[in-house]
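For reference, the structure discussed in these notes is given below.
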Amino acid sequence: MSLPRNLVRFAPLTLVLGLAQSAGAQTGTVGAGGPAPTGATPPPTTSKTPGTTTPPSGATPIDTPATAAAPPGAKIDPATGEAPGTAESAATTSSGTSLTADVAAAAAVKTSKYAAVDVAKLKAAAAQVDTAWDSYWPRLTFTARYTRLSPITPPVLGSSQFSTVVAPVPGGQPVPPGTALFASPPFSFPVILDQYAMQASLLVPLSDYVLRVYQQHQSAIDAYEAAKWNAEVTKMNASADARVAFYNFLRARSTVTIAKSAVAQAAAHLKDMKNRLDAKVVTVADVARVEASHAAAELAVIKTENLVIITEANLRMMMHAADETHFALGEDLEAELPKLDADLPSMKASAFAKRPELKAVDAQIAATEHQGNVVEASLYPRLDAFGNFIYANPNQRIFPQKQEWKATWDVGVQLSWSPNDALIAKDQKKVVSGNVAVLKATREQIADGLTLDVTNAYTKVREAEAAIATTKIELRAAEEAYRVRKEQFTLGSTTSALLIDAEADVTRARLNHLNARVDLRIARVLLKKAVGDLK
């Protein structure tokens with residue numbers, strides 16, 4: 001879940017100063033924490049994070065400084081919004097976890113539900129690799145069988161009217177003249193109704209080793225690689241989302257203090273105006289205008305405090321942190337970041353070499369192509385070697401049958417081919433070719449998205465770096481203008497309206513400098529994500 005940055009950036013400014021701000025500001029959503037689809041990896045700019053929700057009732061708001069707001073005209077730290085000496089750093093006054101963007105990202109990646117889904121998919125893909133490897137083994141089958149035959153009349157050789165004549169002469173020899181002949185009584189073959197058999201069969205798929213098994217194994221390996229890279233995509237998006245949520249939370253906390261400073265300025269101004277009203281120096285209308293400004297500033301404090309609650313709930317959800325955990329912010333917004341020194345072409349090259357989205361779809365393409373080779377194997381005859389060992393009672397190969405256990409065996413090779421399978425394989429090959437074409441087109445879309453991703457992130461960093469220097473000058477000028485206007489108002493040489501404008505300019509300058517500091521850190525996060533360096 002990510003909050004719109006225009007809400008974080010402009011709400012206090014709108015409430016304090018009454019300025020109409022554009023609603024089309026950039027949002028803080030960076031990526032998806034969700035799993036990549038099975039068929040194709042989505043473009044990197046697609047977001048699947050849940051929408052913004054309000055915090056549950058009873059949510060614990062973050063601790064705010066307990067000291068009074070800065071007096072009018074006091075210097076305010078543009079990064080924290082606090083006046084020096086009025087409050088200690090949140091990192092030293094809050095108890096609990098010392099929170100930085102890195103800590104938030106690590107917790108979000110570790111506890112991401114989408115990452116858990118990817119882990120399960122990765123295990124399933126690994127099992128598919130093991131299954132494909134097992135296909136290299138010849139197929140061994142054991143069978144035990146019992147059969148009960150229906151009774152039949154046993155066949156009889158000879159009868160009471162006709163007998164078989166036999167002679168005491170070795171087989172194959174002519175019967176000498178005068179040899180005594182004997183009439184053999186009728187005899188029959190036994191009919192054994194209970195049949196028992198145990199058989200072991202071994203099938204060696206000779207042609208499948210070349211045409212099917214190897215291709216299936218490679219396809220499973222490539223599918224595992226795709227699942228692994230899709231898991232990296234999920235981790236990267238979860239990390240980026242958590243970092244942006246952390247900086248928006250930090251922005252909201254600092255904005256509260258700036259809003260409180262604006263209340264203090266308005267309160268001091270209102271007190272001065274009431275004293276002047278008692279002295280009949282100003283009119284009731286002049287006092288009413290300052291009262292309205294003071295009320296708007298107080299409302300801005302409430303709004304910004306609510307914004308802290310919302311951004312904190314957003315961050316807690318991503319980190320899956322307990323409500324009772326208090327965050328001590330351990331990152332200094334005033335710390336200078338190194339200037340961007342890489343050029344745009346080198347960053348694009350880094351993105352194409354490192355982004356896991358491209359690696360995932362490349363692995364999916366390879367896996368699908370191997371599956372096409374498996375399908376194509378059905379176009380060709382199949383060659384198998386086989387062997388059987390039979391231990392049966394009675395054994396069917398022994399004549400006449402006897403009710404006793406006998407063992408026999410057989411071995412051979414078999415060549416088979418089905419025109420039906422060939423026709424089906426031909427059509428399935430077209431389906432696989434279409435899937436490969438879809439994946440390759442998807443890869444081109446991802447590549448276009450990466451190019452735009454890197455370009456946008458690169459320009460945002462440059463813009464934020466320039467904004468820091470610009471807003472620092474703006475803040476210095478606004479504070480000096482306010483100081484002069486305050487002195488003039490004290491001497492009675494300027495109006496209350498001009499002093500209100502000067503107060504508004506100071507607040508605006510403080511917010512702008514705060515936003516520039518936060519925006520630079522968010523832009524650096526997005527740039528690292530775009531070039532594939534975010535972990």
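- Side-chain contact between K535 and V109 is absent, with no heavy-atom pair separated by less than 4.5 Å.
- Within the structure, salt bridge (Lys or Arg N to Asp or Glu O under 4.0 Å) contacts touching residues 363-374 (residues at least two apart or in different chains) are E369-K440.
- Here the side chain of S219 pairs no donor or acceptor atom with the backbone of H370 at under 3.5 angstrom.
- When the options K528, R355, K354 are evaluated for a salt bridge (Lys or Arg N to Asp or Glu O under 4.0 Å) with D533, the one that passes is K354.
- Rounded to the nearest 0.5 Å, atoms CE (M318) and OG (S112) are 10.0 Å apart.
- Atom CZ of F352 has more than 12 neighbouring heavy atoms from other residues, nucleotides or ligands inside a 6.0 Å radius.
- Between the side chain of T442 and the backbone N or O of V438, at least one donor-acceptor pair lies under 3.5 Å.
- Judged by distance alone, the side chain of R289 and the main-chain N or O of A497 form no donor-acceptor pair under 3.5 Å.
- In this structure, E357 contributes its side chain and I446 its backbone to no donor-acceptor pair below 3.5 Å.
- R253 places no side-chain N or O within 3.5 Å of a backbone atom of F249 that could act as its donor or acceptor partner.
- R251 has a carboxylate O that lies under 4.0 Å from a charged side-chain N of D519, or vice versa, which qualifies the two as a salt bridge.
- Side chain of R316 to main chain of T325: a donor-acceptor pair is present (N/O by atom type, distance under 3.5 Å, no hydrogens or angles).
- Contact annotation: the side chain of F246 approaches that of L329 to within less than 4.5 Å [non-hydrogen atoms, C-beta and beyond].
- Separating the CG atom in N456 from the OG1 atom in T451 is a distance of 11.0 Å, to the nearest 0.5 Å.
- A heavy-atom distance below 4.5 Å is not found between the side chains of V531 and K348.
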Problem - Verdict with reasoning, N373 to Q218, per side-chain contact (heavy atoms from CB on, under 4.5 Å) - result: CA-CA 11 Å; N373 294 334; Q218 289 300 120; over 6 Å; no
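- Distance check, rounded to the nearest 0.5 Å: OG of S293 to CD of E298 gives 10.5 Å.
- Side-chain contact annotation: T368 with N435, donor-acceptor N/O pair under 3.5 Å absent.
- Between H217 and Y136, the angle of the ring planes goes over 60°, which puts this pair in the perpendicular group of the 30/60° scheme.
- Distance alone, capped at 3.5 Å, places no donor-acceptor pair between the N314 side chain and the I310 backbone.
- Contact check for V432 versus E376: no side-chain heavy atoms found under the 4.5 Å cut-off.
- The main-chain N or O of A101 is found under 3.5 Å from a side-chain atom of E331 such that the two form a donor-acceptor pair.
- Side chain of T100 to backbone of V103: a donor-acceptor contact under 3.5 angstrom is found.
- By the 4.5 Å heavy-atom criterion applied to side chains, Q428 and Q371 are not counted as neighbours.
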Exercise for the section: Apply salt bridge (charged side-chain N to carboxylate O under 4.0 Å, His left out) to E465 and R462, showing your working. Expected result: CA-CA 5 Å; E465 288 179 346; R462 294 186 62 197; over 6 Å; no
Handout entry: Evaluation steps, side-chain contact (heavy atoms from CB on, under 4.5 Å), between R443 and L439
Key = CA-CA 6 Å; R443 191 189 192 283; L439 288 172; over 6 Å; no
Problem - side-chain contact (heavy atoms from CB on, under 4.5 Å) between R517 and E334, worked out - result: CA-CA 7 Å; R517 291 282 182 180; E334 278 296 303; 3.7 Å; yes
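- Between V117 and T234 the shortest side-chain heavy-atom distance does not fall below 4.5 Å.
- K359 places a side-chain N or O within 3.5 Å of a backbone atom of A353 that can act as its donor or acceptor partner.
- Among all heavy-atom pairs drawn from V506 and A478, the shortest one is CG2-O, 3.3 Å.
- In this structure, L527 and K460 have side chains that are not in contact, with every pair of non-hydrogen atoms separated by 4.5 Å or more.
- Atoms CG and CD1, from N248 and I522 in turn, are 4.5 Å apart once rounded to the nearest 0.5 Å.
- With respect to the salt-bridge test (charged N to carboxylate O, under 4.0 angstrom), the residues E225 and K228 qualify.
- In terms of heavy-atom proximity, A242 sits nearest to A104 at CB-O, 3.6 Å.
- One finds the OG atom of S254 at 5.0 Å from the CG atom of L514 (value rounded to the nearest 0.5 Å).
- A distance of 13.0 Å separates CG of D427 from NZ of K429, quoted to the nearest 0.5 Å.
- In this structure the side chain of F489 reaches within 4.5 angstrom of the side chain of M273, judged on heavy atoms.
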Problem - Full working for side-chain contact (heavy atoms from CB on, under 4.5 Å) between E305 and K260 - result: CA-CA 10 Å; E305 287 176 344; K260 287 183 177 180; 3.7 Å; yes
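- With R510 as the partner, the side-chain contact (heavy atoms from CB on, under 4.5 Å) test is satisfied by one option alone out of L475, T471, N515, D505: L475.
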